[in-house]
Amino acid sequence: MLIKELRITRGWSQEQLAELSGLNVRTIQRLEQGATPGLETLKSLAATFGIDIDQLRKDVPMSTLALPKTPDAQRLAQITAEVKCRNGFYLHLAQYVLIMSVLLVINLYSSPHYFWVIYPALGWGVGLAAHGLCVSSVTRGWFERWQRREIERRLAAGDTQQR
């Protein structure tokens, strides 16, 4: 539910949210499990999260909310995204090593005179290297600057189209 996502985004426990909103911990638990909140509860939560009460009432997707972010929340979101990206690369690397090892064994057993396993290893290796570059700190700054410029360009284009 949206309340749980908002709480986790800010790095709050259920107890912290209950304390900040003036609600009971059990109320927070029930809401996160899908219970329908009352008007006063919605008002309290909306004020705590700094969003409009209608956004909580409609249960809109988290990605569409314009949330005020504190520097700590922004940093947490950035670190979380970096860790997920790096974990994705490590999973990709593990898959590569495992599958290439199996293919090598098959190659050596079925046709030891012809080393065909090099072709899938090179092909997949190029993709793995590209993934590694995206994750590495060497190219991350370049990608972040490019993304920022692209967002600013599209926002500027959107502003002129709306006028």
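As the structure is a computational prediction, the values presented were derived from the model and not from experiment. Atom set for the values below is all heavy atoms of this structure, side chains included, hydrogens, waters and symmetry mates excluded.
- Evaluation of the side-chain contact (heavy atoms from CB on, under 4.5 Å) rule for Ser110 yields Ile106, Trp116 as partners, not counting sequence neighbours.
- Separation of atoms NZ (Lys4) and CD1 (Ile28) is listed at 13.0 Å; rounding is to 0.5 Å.
- The shortest non-hydrogen separation linking Arg7 to Glu32 is NE-OE2, 2.5 Å.
- Applying the side-chain contact (heavy atoms from CB on, under 4.5 Å) rule to Tyr109 yields no partners; only residues at least two apart in sequence or on another chain are considered.
- For Thr27, the side-chain contact (heavy atoms from CB on, under 4.5 Å) partners are Asn24, Arg30, Leu31, Thr41, not counting sequence neighbours.
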query = Can Arg149 and Glu152 be said to form a salt bridge (charged side-chain N to carboxylate O under 4.0 Å, His left out), step by step?
reply = CA-CA 5 Å; Arg149 283 194 312 267; Glu152 289 171 356; over 6 Å; no
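- For Asn107 (side chain) and Tyr114 (main-chain N/O), a donor-acceptor pair under 3.5 Å exists by modelled atom type.
- Between Ile3 atom CD1 and Leu45 atom CG the span is 5.0 Å, to the nearest 0.5 Å.
- Between Leu104 and Phe115 the shortest side-chain heavy-atom distance falls below 4.5 Å.
- One hydrophobic cluster, built from ILVMFWY side chains closer than 4.5 Å, cannot hold both Leu91 and Val102; they sit in different ones.
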Table please: side-chain donor-acceptor pairs of residues 93-100 below 3.5 Å, with sequence neighbours left out.
| from | atom 1 | to | atom 2 | distance (Å) |
| --- | --- | --- | --- | --- |
| Tyr96 | OH | Ala121 | O | 3.0 |

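- Taking 4.5 Å as the limit, some side-chain heavy atom of Thr48 sits within range of a side-chain heavy atom of Trp12.
- With hydrogens and angles disregarded, a donor-acceptor distance shorter than 3.5 Å links the side chain of Ser44 to the backbone of Ser21.
- Looking at residues two or more places apart in sequence or on another chain, you find a side chain to side chain donor-acceptor pair (under 3.5 Å) between Arg26 and Gln29.
- Sequence neighbours left out, the pairs with a member in residues 33-44 that pass salt bridge (charged side-chain N to carboxylate O under 4.0 Å, His left out) are Glu40-Lys43.
- By the 4.5 Å heavy-atom criterion applied to side chains, Leu155 and Ile151 are counted as neighbours.
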Determine all donor-acceptor pairs shorter than 3.5 Å in which one atom belongs to a side chain in residues 123-135; sequence neighbours excluded.
| from | atom 1 | to | atom 2 | distance (Å) |
| --- | --- | --- | --- | --- |
| Trp124 | NE1 | His92 | NE2 | 2.8 |
| His131 | ND1 | His92 | ND1 | 2.8 |

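- Two residues are said to be in side-chain contact when any heavy atoms from C-beta on lie closer than 4.5 Å; Leu6 and Ile51 meet this criterion.
- Applying the side-chain contact (heavy atoms from CB on, under 4.5 Å) rule to Glu15 yields the partners Ser13, Val25; only residues at least two apart in sequence or on another chain are considered.
- Ionic pairing of Glu82 and Arg86 is not present here: no N-O contact between side-chain nitrogen and carboxylate oxygen is shorter than 4.0 angstrom.
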